[in-house]
Amino acid sequence: MSSSTTIEDWVHYAFNPSPLALVVAVLVAIAIPIFLHTVVFKASGLTSLPSILLVGPSGSGKTSFLTLFERGSPARTHTSQYPIAVECSLPVENTAGTDKYRSVNDPTNQAHKKFLLIDTPGHGKLRHHALENITDPQNLKGIIFLVDAATLSAGDQGLRQTADYLHDILLILQKRGESKKTAKALKEVPFLIAANKMDLFTALPTTLVKNSLETEITKVRTSRSKGLLDSGIGIDDGHDEKDDWLGEMGSTEFKFSQMDEFDVSVEVIGGNVTGEGPTVEKWWNWVSERL
């Protein structure tokens, strides 16, 4: 009798809850999503932001670029030893590519203006940091390769060093595009060669920056291919020469357009971080289109 009464009481409470029980249930229902949003999602906020990777040789102005995008003005810098990631926001006049068709009054627009800018050391012994960010990307939306446009004249040591590094980065992206094990990879990799220091008298125009780099990369590609043949690598060890050939296999000249085949879209845009200006509007536009 007592057991039956207890069951009946539970059934009665279940179908006829008290006002207090209703209030508690509503509060719990509201509290759970708020908790998940504030604690779980915000805890992983940095990793969920889209990221832009900044690479390039030492002395090209990467850290100044970073501070300009973060604070609105470049700061005095020194050679970077470790990668630096900062949260940046698009300028008011720029709209993220994903927000093109949103109303200007849509509150989500502001959230889409934020991104991570990751600066990597340009010294030869520290470039593995950049390579790690490419092979294991975290919501990567694009890569900016910053160059000093005043050191890219024919015969300049800066041209050779820049072309060497650029060749390596593009080759990794090419292999990444060919690999079938790139679940976290972008379908297409937007790649900007940002020609910095265009305010200097000795800086090459953007067209010549592009031509000089293509010509020098051709030399790098040829010399490395010859080095492999001279060393005997690839003859009997199963190593295929095309694995280390950048761009169109067998082409006599390298062109950035050859990277389209590997879903790497290369653009060259000039500007300057310091000096008169600075003039970085076109770089901001490029970044905003990728977000």
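Hydrogens, waters and symmetry mates play no part in the numbers below; they use all other heavy atoms, side chains included.
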With a 4.0 Å cut-off, would you call D260 and K255 a salt bridge?
no
Carboxylate-amine/guanidinium contact R176 D263, below 4.0 Å
no
Does the pair W286 and E267 meet the rule for a side-chain contact (heavy atoms from CB on, under 4.5 Å), with working shown?
CA-CA 9 Å; W286 186 91; E267 294 181 64; 3.2 Å; yes
With distance as the sole criterion, is a donor-acceptor pair present between the side chains of T63 and D119 under 3.5 Å?
yes
Check whether any side-chain heavy atom of [X] lies under 4.5 Å from a side-chain heavy atom of [Y], and answer yes or no.
{"X": "F262", "Y": "V189", "answer": "no"}
{"X": "L170", "Y": "Y165", "answer": "no"}
{"X": "F145", "Y": "T162", "answer": "yes"}
{"X": "I144", "Y": "V287", "answer": "yes"}
{"X": "L90", "Y": "F115", "answer": "yes"}
{"X": "L53", "Y": "I134", "answer": "yes"}

Taking the six-membered ring for Trp, are F69 and W283 closer than 6.0 Å centroid to centroid?
no
From CD (E87) to CG (L116), nearest 0.5 Å
6.5 Å
Restricting to pairs with a member in residues 53-69, which pass salt bridge (charged side-chain N to carboxylate O under 4.0 Å, His left out), not counting sequence neighbours?
none
Would L166 and L213 satisfy side-chain contact (heavy atoms from CB on, under 4.5 Å), going step by step from the backbone distance to the final call?
CA-CA 9 Å; L166 183 53; L213 288 173; 4.1 Å; yes
Provide the closest heavy-atom pair for T274 versus D199 in the form atom of the first, atom of the second, distance.
O-OD2, 3.7 Å
